[in-house]
Novice: 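What follows is a single structure, and I will ask about it in a moment.
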Amino acid sequence: MKTCKYILIVALIFLYYLDSKSQPYTDLNELTGVSIKAYYSPGNEERARKIVERCERTIEYVNGLVRFKPKVSLFILNPEHWKKYATFPVYGMPHYPDSARLIIASEDNDFWKSFIPPLDQVPSDLANQIRKAYTSGDGTLSMMAFFDLLALHELGHGFHEQAGLKMQRLWMQELFCNIMLHTYIAEKEPENLPALEVFPEMVVAGGITGYSFTTLADFEKRYDNMDPKNYGWYQ
Ligand SMILES: [Zn+2]
């Protein structure tokens, strides 16, 4: 009887040990050596680390201003894992499937590339700015640098939601996130200001033709019920 008890205790300790070592996403790797819980599709450790460390720096910076840190887990996913874990269907759009998990694309993609206009059809000054801000590591043009920054905007939603900040209007919460993002980049990564600013300037310079909604009142009413391009214009 004593031996049985002994075996049971050893088995329980072993199971507890296994559980403490396992993580819930068996097909993803967990990033180590960082203060944020983060999981990534195998093969993307270097990019995951870059993204997560930037989020860490942003959280620390904003915490220094507002004395609050949101709890968030980051998922840096390839297209295959995106299908499994993301709730926004388009690969590349950073988003929260719930209030504590932020999903980010690990790879450059058609969605990011689709925002680059034909450079021979825009003024040469703008074409130069686009080339400078959005040439990726492999030499192709993509809005990757912009969408990577957009992940920090999404992080901003973690701050106001988890801190219980009362946002009287939806546009105020979006503005809060954009100001947070802009402040961090301007203060800590000024070399990346062009990546943050050239794309919005290009969109605004294109005028409002082609957009069904352009007023703040419409934004409140149609927040999650408008064409993504129109929503992007508001942002
Ligand atoms: Zn937002």
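First listed ligand is number 1; within each ligand, the first listed atom is number 1.
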Novice: From the options Phe88, Tyr40, Tyr91, select the one residue that forms a ring pair (Phe, Tyr, Trp, His ring centres under 6.0 Å) with Trp82.
Specialist: Tyr91
Novice: Taking the Zn ion (ligand 1) as the center, what protein N, O or S atoms are found at less than 2.8 Å?
Specialist: His153 NE2, His157 NE2, Glu174 OE1
Novice: Mind checking ring pair (Phe, Tyr, Trp, His ring centres under 6.0 Å) for Tyr85 and listing every partner two or more places apart, or none if nothing turns up?
Specialist: Tyr25
Novice: Taking the six-membered ring for Trp, are Tyr231 and Tyr223 parallel (under 30°), tilted (30 to 60°) or perpendicular (over 60°)?
Specialist: perpendicular
Novice: Could you pull out all residues at least two apart from His157 that satisfy ring pair (Phe, Tyr, Trp, His ring centres under 6.0 Å)?
Specialist: His153, His160
Novice: The criterion is ring pair (Phe, Tyr, Trp, His ring centres under 6.0 Å); which residues satisfy it with Phe146, sequence neighbours excluded?
Specialist: Phe199
Novice: Anything under 30° is parallel, anything over 60° is perpendicular, the rest tilted; go ahead and classify Phe68 against Phe159.
Specialist: perpendicular
